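Below is one structure; the comments refer to it alone.
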Amino acid sequence: MEVLQMVLLAKSYKPGGRCLAGKLVEYTDKSTVKVGGWVRPVANDGSGHGALTERIYLYEDGSEASILDIVEIPVIRHFPIAGQPENYVVDESKKWKKIGTLNANCIPRITENAPDIWNDTNTQSNIVTAGYDQKGLISQSLYLIKPSNFLITLSNEFNDYEQSYKRKIVASFSYSGRAYRNISVTCPSAKRILTNQYPKEGRDPITIPLRKGDDYVLCMSLSPRFGNDENHYKLVATIFDFDGYLQREYAA
């Protein structure tokens, strides 16, 4: 068994539970950490991308692992899959251990300077095709970026498959000279803070900026292949503001 020491930067919703992810950390002294590469712990279900249930990410005292926690996570092995090279299978027989907390004001200092966010020119800006992945163009499926022109769109439209109205939240923004649109937001804090702002059933979508304009950092994630076309979908897994208010007051 191996233990990974990491800071959690995502705890987003996914079918069957949560998707947790973060960066490896190393303490250089008692209060200073060095941040490394990305890790995504996954359930031991054989798929390589299994959702984590609450039971898995509870600490020994019964509290839940939270974003910005620095944790020790017992893992069985590295399990990279198509489009998600950072995945590690969790040892579900062992408890996670919290060993510290990263200050929220550190987030802007560990953003990445990616040239683009999986810019597959053969499809829409929220999608990555299997062909793009097969060319070896996905070196990582997680990024921490500073966007501009950041807007949120809330809708409440009828879903034919589920035969009911369904609330949806998507983001649009610019990054490195490119526009990204219709990116699904799976960030629990954002969903909580916006819960009363959706349009009524069947009404037109509402597009709004968040209160702090462009003063946000996004944890971007790429889904496993999904659907008949086996596309990957881009996700806003976490929205960080510069003073930690969202994660402090609206953690979920």
Side-chain angles (χ1 to χ4, degrees), residues 2 4 6-25 35-52 56-57 65 67 71 73 75-90 107 110-147 170-171 173 175-176 178 180-188 190 217-227 229-240:
E2 182 182 1
L4 300 180
M6 59 185 285
V7 56
L8 293 178
L9 298 173
K11 187 186 175 185
S12 63
Y13 294 118
K14 69 179 295 184
R18 298 289 188 106
C19 176
L20 277 72
K23 281 179 166 281
L24 295 170
V25 297
V35 178
W38 286 97
V39 173
R40 181 188 287 106
V42 298
N44 189 15
D45 66 354
S47 71
H49 59 83
L52 297 179
I56 296 173
Y57 55 78
I67 290 175
V71 299
I73 299 177
V75 298
I76 297 173
R77 66 186 178 102
H78 187 205
F79 198 143
I81 63 170
Q84 290 188 343
E86 307 89 348
N87 295 7
Y88 278 79
V89 176
V90 170
I107 293 298
I110 61 171
T111 56
E112 296 165 279
N113 294 315
D116 60 71
I117 308 301
W118 313 292
N119 187 36
D120 186 346
T121 56
N122 293 316
T123 186
Q124 303 168 53
S125 64
N126 64 326
I127 293 173
V128 177
T129 62
Y132 182 92
D133 179 22
Q134 289 163 354
K135 293 177 183 176
L137 297 174
I138 301 176
S139 60
Q140 62 188 79
S141 66
L142 294 149
Y143 283 107
L144 201 62
I145 65 163
K146 174 71 173 68
V170 299
F173 56 86
Y175 179 76
S176 191
R178 294 185 174 92
Y180 295 85
R181 300 286 181 267
N182 200 34
I183 310 294
S184 291
V185 176
T186 55
C187 171
V217 170
L218 307 181
C219 177
M220 300 294 301
S221 180
L222 195 62
S223 77
R225 292 182 188 173
F226 176 76
D229 294 328
E230 293 197 325
N231 290 326
H232 303 274
Y233 290 85
K234 302 174 190 180
L235 308 168
V236 176
T238 314
I239 300 174
F240 293 97

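Quantities reported herein were computed from a predicted structural model and do not represent experimental measurements. Every heavy atom of this structure was used, including side-chain atoms; hydrogens, water molecules and symmetry mates were not.
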Are [X] and [Y] packed together at the side-chain level, in the sense that at least one heavy-atom pair is separated by less than 4.5 angstrom?
X	Y	value
Lys14	Leu235	no
Asp133	Glu230	no
Leu144	Ile107	yes
Met220	Tyr175	no
Tyr13	Arg18	yes
Asn231	Thr129	yes
Val35	Val25	yes
Ile76	Val90	no

Just how far is it from atom [atom1] of [X] to atom [atom2] of [Y], taken to the nearest 0.5 Å?
X	Y	atom1	atom2	value
Ser176	Asn119	OG	CG	9.5 Å
Tyr233	Leu222	OH	CG	11.0 Å
Leu24	Leu4	CG	CG	6.0 Å
Gln84	Leu142	CD	CG	7.5 Å

Who are the side-chain hydrogen bond (donor to acceptor under 3.5 Å, both in side chains) partners of Ser141, not counting sequence neighbours?
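For Ser141 the side-chain hydrogen bond (donor to acceptor under 3.5 Å, both in side chains) partners, ignoring immediate neighbours, are Arg40, Glu86.
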Taking the side chain from [X] and the backbone from [Y], do they hold a donor-acceptor pair closer than 3.5 Å?
X	Y	value
Thr238	Leu9	yes
Lys11	Leu20	no
His78	Tyr88	no
Lys234	Ile117	yes
Trp118	Asn126	no
Asn87	His49	no

Check [X] against [Y] and note the closest heavy-atom contact, atom names and distance.
X	Y	answer
Phe79	Gly46	CZ-O, 3.8 Å
Ser12	Pro188	CA-CD, 3.9 Å
Ser139	Pro85	O-CG, 3.6 Å

